[in-house]
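The structure appears below as structure tokens.
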2 protein chains.
Amino acid sequence: MPAVTLTEVARRAGVSPATASRVLNGSERKPAAEIAERVRAAAESLGYIPNAQAQALARSSSGLVGLVVNDIADPYFSSIARGVQAAAREHLRTVLLIGTAGGPAEERRAVEAFAARRTDAIVIAGSRSDRPQDAADNEALSRETARYLANGGHMALIGHPFPGDQDPAVRVISVPNRDLARELGRRLGGEPFDDYVVVAGRGGLVTSDLRTEGFQQGLADAGRSPAGVVRTDFDRDGGFAAAPGIAAAVRTAHDAGRRTCVFAVNDRMAIGLVAGLREEGLRVPRDLGVAGFDDIETLRDFRPALTTVRLPLEEMGRLAVETALGDASPAEVTGSVVLRRSTQGPAHT
Amino acid sequence: MPAVTLTEVARRAGVSPATASRVLNGSERKPAAEIAERVRAAAESLGYIPNAQAQALARSSSGLVGLVVNDIADPYFSSIARGVQAAAREHLRTVLLIGTAGGPAEERRAVEAFAARRTDAIVIAGSRSDRPQDAADNEALSRETARYLANGGHMALIGHPFPGDQDPAVRVISVPNRDLARELGRRLGGEPFDDYVVVAGRGGLVTSDLRTEGFQQGLADAGRSPAGVVRTDFDRDGGFAAAPGIAAAVRTAHDAGRRTCVFAVNDRMAIGLVAGLREEGLRVPRDLGVAGFDDIETLRDFRPALTTVRLPLEEMGRLAVETALGDASPAEVTGSVVLRRSTQGPAHT
DNA sequence: GATCCATTGGAATGCGCTTTCCGCGCTCAT
DNA sequence: ATGAGCGCGGAAAGCGCATTCCAATGGATC
């Protein structure tokens, strides 16, 4: 039971397929009103739905926008996805979604899949990795991207450019992770803490590394000595797993009369960490300060309210598709430090 | 700079397009090994990427799975989306995502868009509405669905069937909202509370109504009198907005020596409610009990830990695409009541 | 050694649509 | 009155691929 085709509509309306096409699917040429009406009526009565595949083939433009994320269930990505979806809709595009487990190899495959679909644009929201073992895959990803661009595709990256050579044609919605983390470090460096610790993701994760680096700079700006760095997974469980070690350190410091502040490089890690610390019998901010990064909306009602850095996630998604589609120019996102209760000393309570 | 085509690959390999097609894109007939190798080499050196649109047109199967959600940034939907994405990948499909603001009119448009793309299957995760003013749109959605199915499409609904007539061809991954809420009501009815209140979504929202109804039945099972029902928005802000009213009621009850338990029909509402109550100076569970529904992962570290009903969200997404694709049969999801601290009396502390 | 069948590569057709390119009839300027 | 020019609908040529049908080749069979 094949779908009704444009030709059938044309026949029913007593016109040629060319004419039917012109009236039904936005063309330059507008056929006479009377004919147009007849065609529309025929289409309506037959329940005609244009075949987007065929249209894409004929006009070589698919009306698709590809989005690649690490994990769509992660609120960071799903917020971005909302923006992408909204912008795509406004531009009369549909979004194609691929979730990778993270890592350039899978991202390359995603780009290839999108290229096969001839998506008008690709937005990559996954995080970059510059670990040596990912070098080959990064290289492959760059090549795949170059090929896609050469075939007329457009691409926007959220966060940071590809490690290594970066095709100037790929637009970057750059997130000033380093600067914002630095500002956070500066502000927290001004608070009455004695020791600082960073709970970071594994080395080579660009976002994590830049946030760590920036935070250290900020501490230095504030005249503090560098924070110790603990590496763990870049998610909630990573933060949770880091808790015992942090707890031990905090206790030792506490015995020496020193107060600790921990910066987990993203909110989910921070939440996991706080949960883990609770199991260790430590409370925030009474026993230590904890800060995160991203200001995930779903986590705002969390108590103690988390000191973090706000990122306009949804806006970033919007911007990415608009930039990729050529309706906006690559921009740097603006975020802001938000000090909340999780880093306040007992005195403030 | 057009992409390289199959014909070019064929020419380069010195074979016909037919042969090239057979070796490159999984066909029944396997050309001789030597020829196959030559074709593959040609494809590789040219950087050939098959045009999925053209393939779809020729074989009339798109390799696409459509997913419609209310709001992809809502963790409920993004968890489902993760499952959909994973299952789609396993079935060598790509997912097409459309977010509606909720409401059958937009869902109809989404189905139409998916039908235009000739998606192999559509998964609808949005919530049903049976408000009178949505009747016409529901009707239209049903018709659109019927047309899609008639053209060979497949569809799975997560939650509940369409209000009114339900085409037997659309598969339903049914969520026993009523039964689970009933079980929750029964359990909570056995706890030392005196008054119960339900914070529900607007009337006509099937999910909300069933959970409310089930909860009332459960209370009855436990020998309790019915809960009062407050209607608000079905999201975090709705819960927050309900707080002042709830607070007043709780205080009144408290003065009369009665303890209140509130059931917010989803976790996000519950979290918003707790946040709002905090502003009112009320604490959970000290001053009242609060329960939610869904057991959103991101919210599990929330304190007080929320009593709720666990739903296998990701699994539901998987199941939906497998069922739609014919690899599984429509099933009823199993959830479970999870009693946590938010509904424990002070004694348990 | 002749016949038959199975296998293989190629030519051709069509998937559903858009878009030149044509030829027509009309209006307007000269 | 006549030619140029414009607007119109239709014919036809693809877009890139899968697939059916054909012809040719090879081997197996008796």
Side-chain angles (χ1 to χ4, degrees), chain A residues 1-40 42-43 46-64 115-120 151-153, chain B residues 1-40 42-43 46-64 115-120 151-153:
Chain A
M1 185 168 328
V4 15
T5 150
L6 181 60
T7 307
E8 300 178 49
V9 172
R11 192 177 323 132
R12 176 77 107 89
V15 301
S16 76
T19 304
S21 167
R22 288 196 264 256
V23 13
L24 258 19
N25 310 69
S27 153
E28 290 299 292
R29 293 179 48 176
K30 298 292 175 194
E34 185 242 353
I35 289 193
E37 202 34 63
R38 213 156 26 133
V39 171
R40 253 186 288 273
L46 255 33
Y48 170 71
I49 296 184
N51 183 324
Q53 316 274 9
Q55 290 189 154
L57 189 56
R59 21 164 113 119
S60 52
S61 156
S62 61
L64 255 24
R117 303 252 173 225
R118 304 297 189 264
T119 55
D120 299 336
N151 289 340
Chain B
M1 187 168 324
V4 16
T5 148
L6 219 210
T7 308
E8 300 177 49
V9 173
R11 191 176 325 134
R12 177 77 107 90
V15 300
S16 77
T19 304
S21 168
R22 288 196 265 256
V23 12
L24 258 19
N25 311 69
S27 153
E28 289 301 293
R29 292 178 48 177
K30 297 293 176 194
E34 185 242 351
I35 287 194
E37 201 35 61
R38 214 158 22 137
V39 171
R40 252 185 290 273
L46 256 32
Y48 170 71
I49 296 184
N51 184 323
Q53 317 275 7
Q55 289 189 165
L57 190 56
R59 22 164 111 116
S60 52
S61 156
S62 62
L64 255 24
R117 303 252 173 224
R118 305 297 188 263
T119 55
D120 299 336
N151 289 340

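Given the structure is predicted, the values throughout are model-derived calculations rather than measurements.
The A:Ala54 side chain lies nearest to C:dG16 when the options are C:dG16, D:dG10, C:dG10. Listed candidates were C:dC17, D:dA18, C:dA12. Nearest to the side chain of A:Leu6 is C:dC17. In the set C:dC17, C:dT20, C:dG9, C:dG9 carries the atom at the smallest distance from any side-chain atom of B:Arg22.
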Evaluate side-chain contact (heavy atoms from CB on, under 4.5 Å) for A:Leu64 paired with B:Gln53, printing each intermediate quantity in order.
-> CA-CA 11 Å; A:Leu64 255 24; B:Gln53 317 275 7; 4.2 Å; yes

Run the side-chain contact (heavy atoms from CB on, under 4.5 Å) check on B:Val4 and B:Arg12 step by step: do they pass?
-> CA-CA 11 Å; B:Val4 16; B:Arg12 177 77 107 90; over 6 Å; no

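Using a 4.0 Å heavy-atom criterion, one finds that B:Pro17 contacts no nucleic acid atom at all. Using a 4.0 Å heavy-atom cutoff across all strands shown, A:Ala32 reaches sugar-phosphate atoms only and no base atom.
Note: CD1 (B:Ile35) to P (D:dA24) measures 17 Å, nearest angstrom. Atoms CG (A:Asn51) and P (D:dC17) sit 17 Å apart, rounded to a whole Å. In this structure, B:Leu57 places its CG atom 13 Å from C1' of D:dG14, rounding to the nearest Å.
Under 3.5 Å, the side chain of B:Arg118 and the base of C:dG16 form no donor-acceptor pair of N or O atoms.
Listed for the A:Arg117 side chain is no donor-acceptor partner under 3.5 Å among the backbone atoms of B:Ala52.
Note on B:Gln55: a side-chain N or O is less than 4.0 Å away from OP1 or OP2 of D:dA18. Look at A:Thr19 and you'll find a side-chain N or O under 4.0 angstrom from OP1 or OP2 of D:dG10. Residue A:Ser21 has a polar side-chain atom (N or O) positioned under 4.0 Å from OP1 or OP2 of C:dT18. Between B:Asn25 and D:dA18 there is a side-chain N or O to OP1 or OP2 distance below 4.0 Å. Distances shorter than 4.0 Å separate some side-chain N or O of A:Thr5 from OP1 or OP2 on C:dC17.
Salt bridge A:Glu37/A:Arg40: present, at least one basic N to carboxylate O contact under 4.0 Å.
The shortest side-chain heavy-atom distance between A:Leu24 and A:Pro50 does not fall under the 4.5 Å cut-off.
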